[in-house]
Structure formats: structure tokens, C-alpha cells
Amino acid sequence: MSDKLQVAVLGGTGMVGQRFISILNNHPWFEVKTIAASPRSAGQTYEEAVGNRWKMDGAIPDSVKNIVVKDVTDVKGVSEDVDFVLSAVNMSKDEIKHIEEEYAKTETPVVSNNSAHRWTPDVPMIIPEINPEHMDVIQYQKKRLGTTNGFIAVKPNCSIQSYTPALTAWKEYEPYEVVATTYQAISGAGKNFEEWPEMVGNVIPFISGEEEKSEKEPLRIWGKVQDGVIVPADDVKITCQCIRIPVLYGHTAAAFVKFKKNPSSKEELIEKLEKFSGLPQQLGLPSAPKQFIQYMQEDNRPQITLDVNYEGGMGVSIGRLREDSIYDWKFVGLSHNTLRGAAGGAVECAELLKASGYINKK
């Protein structure tokens with residue numbers, strides 16, 4: 001039997017599920033043992049269930065082609081042979097909340113890409129480089145669930161990854177007011193151009209629910225564990241607009257920020273970006289970028305076609321930092337929405353949880 005931790009991918013036929021499958025192919029720590037999806041896919045091999053809907057570069061990995069897909073609602077059957085699950089299920093929020101807790105109660109840790117539990121007070125929402133200390137809340141969640149090993153951890157919304165890391169790197173200057181506009185790829189909606197032809201050459205100035213997530217989730221990331229729950233930060237105000245643009249991968253943000261304390265120079269701010277790192281870099285986690293944030297000096301960077309795959313899609317690119325006539329500073333950020341922002345971020349979170357002793361072999 002493999003020494004690797006055995007993983008079940010919930011919602012494995014969707015775009016994020018497919019990205020999980022791709023990332024975990026030949027992963028040094030984790031191995032896909034089980035794939036679960038809707039009842040209509042159950043009983044088919046993974047290759048049959050996906051059919052012509054495979055959206056990743058390259059073919060379906062040979063290691064998973066013949067795995068027989070299980071019904072995601074068969075919680076006991078899916079969880080019995082795996083050490084933890086990665087969740088990307090396509091259900092209503094209430095259904096997701098319920099089923100992820102049911103998996104946790106089988107003593108199976110759940111690392112979720114879904115938004116349903118992002119505001120559950122004792123569920124950590126983690127960007128591994130930024131707030132690993134939020135893992136401390138897991139002990140209180142286990143008491144609520146009545147579990148010894150089972151718990152839920154989530155990753156935040158993909159749109160905040162392109163500006164929140166920079167603001168975190170500048171935390172000592174006490175940012176207190178932020179205006180951000182995000183320009184978001186269509187894969188963030190789980191689609192490609194074949195499925196969404198009306199996006200070709202088009203811009204849609206509305207993404208349901210996205211602006212609230214973009215304004216509120218960074219505050220939870222910057223919050224603290226207090227009395228068994230995560231208390232969001234209250235010293236920063238963020239307002240955001242979210243726009244869908246005709247690119248396949250990559251979320252770009254144009255951000256404006258006011259600081260309570262002034263940096264001495266632009267160069268000082270850039271140095272803070274380039275030196276910023278966290279626990280994943282110290283631990284050498286497999287998915288962790290060696291340099292989390294890069295600063296690009298060219299006026300026309302970062303660009304999606306040139307920079308979205310920086311550090312294998314797990315790094316963040318910042319550029320066009322300059323003083324502003326109304327706010328203090330403004331900049332442009334770019335992150336890969338299905339790698340850093342979705343499946344890759346969740347896998348890195350699972351790596352952090354394993355390295356910290358929260359995920360182990362059953």
C-alpha cells in the first residue's frame with residue numbers, strides 16, 4: 001500500500017475537481033483514491049463520467065481514468081478508504097454545509113474550495129502564507145462536531161488573492177481604506193469559451209455575490225482566534241467592483257490604498273513585497289511558491305498571457321505601484337484563479353494541515 005495519504009475528490013467531474021485531479025497526479029504526499037460526484041455520474045469510470053468535458057491541459061491522468069465514480073451523498077462509502085477529502089461539490093450552500101459536516105463527522109478532514117463554510121465562526125479560512133495561525137480554531141470546531149480527527153478547513157474566494165497578499169505584506173503601514181476592481185476570468189464561473197460563447201469579445205460588469213466576498217473575506221483572513229471563533233479585523237474598509245472579462249485564466253485587480261503610516265519610498269514597499277513569505281516557504285511545502293510575490297518593473301506588467309503561471313500558478317504578481325492623487329498608493333495585481341485561487345490553494349492548505357499534524361493516515 002502507498003505511503004501517501006489517500007484522498008477523495010468530491011465534485012471531481014467539475015472544473016475545480018478536474019484541477020484537483022491534475023494537481024494531485026504524481027503529488028509527493030497525496031494520492032487520489034476515490035472520486036465522488038452527482039448520482040448521475042456514479043457507477044461510471046471517471047473517464048466515462050467526464051466524457052468530452054475535460055477542461056485541463058493534457059489528457060486525464062492514467063491513474064484515475066478507471067476509478068469508478070461514487071455518489072457524493074454516500075458519505076460513509078466515499079470516506080471509508082481515504083485519509084481526507086478535497087471538496088468542490090456543486091450544491092446549494094445549505095446542502096454543502098450539511099454534507100461537509102457529515103464527512104467531518106466520519107473522522108475525515110475536509111479541505112474545501114466551496115464558500116459555504118467560509119463564515120462558520122470555528123472553520124478556518126486559510127491562505128497558508130498569511131494566516132496559518134487560524135488552524136488553532138480547529139480544536140474548538142472538533143468539540144462542536146464531537147470529533148477526534150474530523151474537521152473542515154476552507155480556502156477563500158479566488159478574487160481576493162490578487163490584492164490581499166500585497167496588502168498583507170504592507171501590514172506594518174496599517175492600510176485602512178482600500179478600493180479594488182477585479183477583472184475576472186471565465187473559468188472562475190467553471191466555464192470555458194466553448195460553453196460560454198457570449199463572453200468572446202465581451203465584458204459583463206456583474207458577478208453574483210462576488211463583491212461582498214471580495215470586500216469581507218480579507219477581513220476574516222486578517223482576523224484573530226478569540227474565544228474559540230475567528231473574529232474578523234475591523235480596522236480596514238474595502239469596497240470592490242467585480243467584472244467578468246474574456247480570458248480563460250487569471251484574475252487581475254486594480255487597487256487603491258490609504259495607509260495610516262507612510263512608507264519612506266516606493267522602493268521600500270517593493271522590498272516588502274519581494275521579501276514577504278510565510279510558513280509554507282519555511283516548511284518547503286510541495287505546492288508552495290519559492291517566492292510568493294514578485295514585483296514587475298515594466299509599465300505594461302503583469303499581463304495574463306505572460307505572468308499568470310508565475311511559480312506554477314501559485315505565485316502572485318504585482319506591478320504599476322505608484323503614488324495616487326486621492327489615495328496614497330495604487331497598484332495592479334494578478335493571480336491564477338484555479339491554481340492559487342482555487343484547487344492549488346486548497347491543496348497547499350491540505351499540505352500545511354498535514355505538516356502541522358492535523359491530517360494523518362487513518
Exercise for the section: Give the intermediate values and the outcome of side-chain contact (heavy atoms from CB on, under 4.5 Å) for residues Phe256 and Val178. Expected result: CA-CA 6 Å; Phe256 301 76; Val178 178; over 6 Å; no
Handout entry: Derivation and outcome, side-chain contact (heavy atoms from CB on, under 4.5 Å), residues Lys191 and Met199
Key = CA-CA 10 Å; Lys191 298 180 180 180; Met199 273 307 304; over 6 Å; no
Practice task
Would you sort out whether Glu101 and Arg144 count as a salt bridge (Lys or Arg N to Asp or Glu O under 4.0 Å), showing the intermediate values?
Solution key: CA-CA 11 Å; Glu101 286 200 356; Arg144 174 175 63 84; 3.1 Å; yes
Practice task
Please step through side-chain contact (heavy atoms from CB on, under 4.5 Å) for the pair Lys70 and Ile35, ending with a clear verdict.
Solution key: CA-CA 6 Å; Lys70 294 185 178 182; Ile35 301 172; over 6 Å; no
Problem - Stepwise salt bridge (Lys or Arg N to Asp or Glu O under 4.0 Å) test for Glu195 and Lys55 - result: CA-CA 11 Å; Glu195 296 169 311; Lys55 299 173 183 178; 3.0 Å; yes
Problem - Intermediate values then yes/no, side-chain contact (heavy atoms from CB on, under 4.5 Å), Lys330 and Leu321 - result: CA-CA 6 Å; Lys330 53 191 172 185; Leu321 176 65; over 6 Å; no
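Minimum heavy-atom separation, Ala185 to Arg244: O-NH1, 2.7 Å. Val111 and Ala346 get closest at one heavy-atom pair: CG1-O, 3.4 Å. Of all heavy-atom pairs spanning Tyr295 and Lys266, the tightest one is OH-CE, 3.8 Å. Of all non-hydrogen atoms in Val72 and Ile99, the two that sit nearest each other are O-CD1, 3.4 Å. Contact record, Ala166 with Ile318: CB-CD1, 4.0 Å, taken as the closest heavy-atom pair. Taking each heavy atom of Ile152 and Gln141 in turn, the nearest pair found is N-OE1, 2.7 Å.
In this model, no donor atom of one side chain and acceptor atom of the other lie less than 3.5 Å apart for Glu47 and Thr45. In summary, the side chains of Ser159 and Ser214 do present a donor paired with an acceptor at a separation below 3.5 Å, with no hydrogens or angles considered. A donor-acceptor pair shorter than 3.5 Å cannot be found between the side chains of Ser277 and Lys290. Under 3.5 Å, the side chains of Ser187 and Asn337 contain a donor-acceptor pair of N or O atoms. Using modelled atom types, one finds a donor on one side chain and an acceptor on the other under 3.5 Å when comparing Glu268 with Tyr173.
Using a distance-only test at 3.5 Å, with no hydrogens or angles considered, a donor-acceptor pair links the side chain of Lys362 to the main chain of Val82. Looking only at distances, a side-chain donor or acceptor of Gln18 sits under 3.5 Å from a matching main-chain atom of Arg53. In this structure, the side chain of Gln291 does not engage the main chain of Pro289 through any donor-acceptor pair within 3.5 Å. With Asp81 contributing its side chain and Val78 its backbone, the two residues share no donor-acceptor pair below 3.5 Å. Under the 3.5 Å distance criterion, the side-chain polar atoms of Ser79 are matched with a main-chain donor or acceptor of Val75. Side chain of Asp324 to backbone of Ile326: a donor-acceptor contact under 3.5 angstrom is found. Side-chain N or O atoms of Asp74 include one that pairs as donor or acceptor with a backbone N or O of Gly77 at under 3.5 Å. Put simply, the side chain of Gln139 gets close to the backbone of Asp136: a donor and an acceptor are under 3.5 Å apart. Between the side chain of Trp54 and the main chain of Gly58, a donor-acceptor pair closer than 3.5 Å is present. Gln241 places no side-chain N or O within 3.5 Å of a backbone atom of Thr181 that could act as its donor or acceptor partner.
Cluster membership check: Ile127 does not share its hydrophobic cluster with Leu352, using side-chain heavy-atom separations under 4.5 Å among Ile, Leu, Val, Met, Phe, Trp and Tyr. Using a 4.5 Å cut-off between side-chain heavy atoms of Ile, Leu, Val, Met, Phe, Trp and Tyr, with links allowed through other members, Trp222 and Phe276 fall into the same hydrophobic cluster. Following chains of ILVMFWY side-chain contacts shorter than 4.5 Å, one cannot reach Val179 starting from Leu269, and the two form parts of different hydrophobic clusters. Side-chain heavy atoms closer than 4.5 Å link hydrophobic residues (I, L, V, M, F, W, Y) into clusters, and following such links, possibly through other members, connects Ile67 to Ile23. Under the 4.5 Å side-chain contact rule for hydrophobic residues, Ile126 and Trp119 do not share a cluster.
For the side chain to side chain contact (heavy atoms under 4.5 Å, CB included) test with Pro165, the passing option among Leu273, Ile293, Ile221 is Ile293; the others fail.
Annotation: side-chain hydrogen bond (donor to acceptor under 3.5 Å, both in side chains) contacts involving residues 311-321, sequence neighbours excluded, comprise Gln294-Ser317. Within the structure, salt bridge (charged side-chain N to carboxylate O under 4.0 Å, His left out) contacts touching residues 198-220 (residues at least two apart or in different chains) are Arg118-Glu217. Under the salt bridge (charged side-chain N to carboxylate O under 4.0 Å, His left out) criterion, the residue pairs touching residues 293-308 are Glu298-Arg301, Arg301-Asp307, with sequence neighbours excluded. Residue pairs meeting the side-chain hydrogen bond (donor to acceptor under 3.5 Å, both in side chains) criterion with at least one partner in residues 339-359, sequence neighbours excluded, are His27-Glu351, Glu129-Arg340, Ser287-Glu351, Arg340-Glu348. Residue pairs meeting the side-chain hydrogen bond (donor to acceptor under 3.5 Å, both in side chains) criterion with at least one partner in residues 84-96, sequence neighbours excluded, are Ser87-Glu100, Ser87-Asn114, Ser92-Glu95. For residues 57-106, the set of pairs meeting the ring pair (Phe, Tyr, Trp, His ring centres under 6.0 Å) definition, not counting sequence neighbours, comprises Phe30-Phe84.
In this structure the side chain of Leu334 reaches within 4.5 angstrom of the side chain of Ile304, judged on heavy atoms. Within the 4.5 Å cutoff, no side-chain heavy atoms of Thr182 are placed close to those of Ile243.
Taking a 6.0 Å sphere around NZ of Lys97, one finds it holds 12 or fewer heavy atoms contributed by other residues, nucleotides or ligands.
Ion pairing of Glu31 with Lys4 is absent here, as no side-chain N (NZ or NE/NH1/NH2) approaches a carboxylate O to less than 4.0 Å. Using a cutoff of 4.0 Å between basic side-chain nitrogens and carboxylate oxygens, Asp83 and Lys361 are scored as salt-bridged. A salt bridge is absent between Glu48 and Lys65; no separation between the charged side-chain nitrogens and carboxylate oxygens falls under 4.0 Å.
Asp328 meets the salt bridge (Lys or Arg N to Asp or Glu O under 4.0 Å) test with no other residue; sequence neighbours excluded. With sequence neighbours left out, the salt bridge (Lys or Arg N to Asp or Glu O under 4.0 Å) criterion links Lys143 to no other residue. Lys33 is linked by a salt bridge (Lys or Arg N to Asp or Glu O under 4.0 Å) to nothing, counting only residues two or more places apart in sequence or in another chain. Glu107 meets the salt bridge (Lys or Arg N to Asp or Glu O under 4.0 Å) test with no other residue; sequence neighbours excluded. The ring-ring contact (aromatic ring centres under 6.0 Å, His included) search around Phe331 returns Trp170, not counting sequence neighbours.
Under the 6.0 Å distance and 45° angle rule, Lys258 counts as a cation-pi partner of Tyr327.
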Listing, residues 228-240 side-chain donor-acceptor contacts under 3.5 Å, not counting sequence neighbours, or none:
none

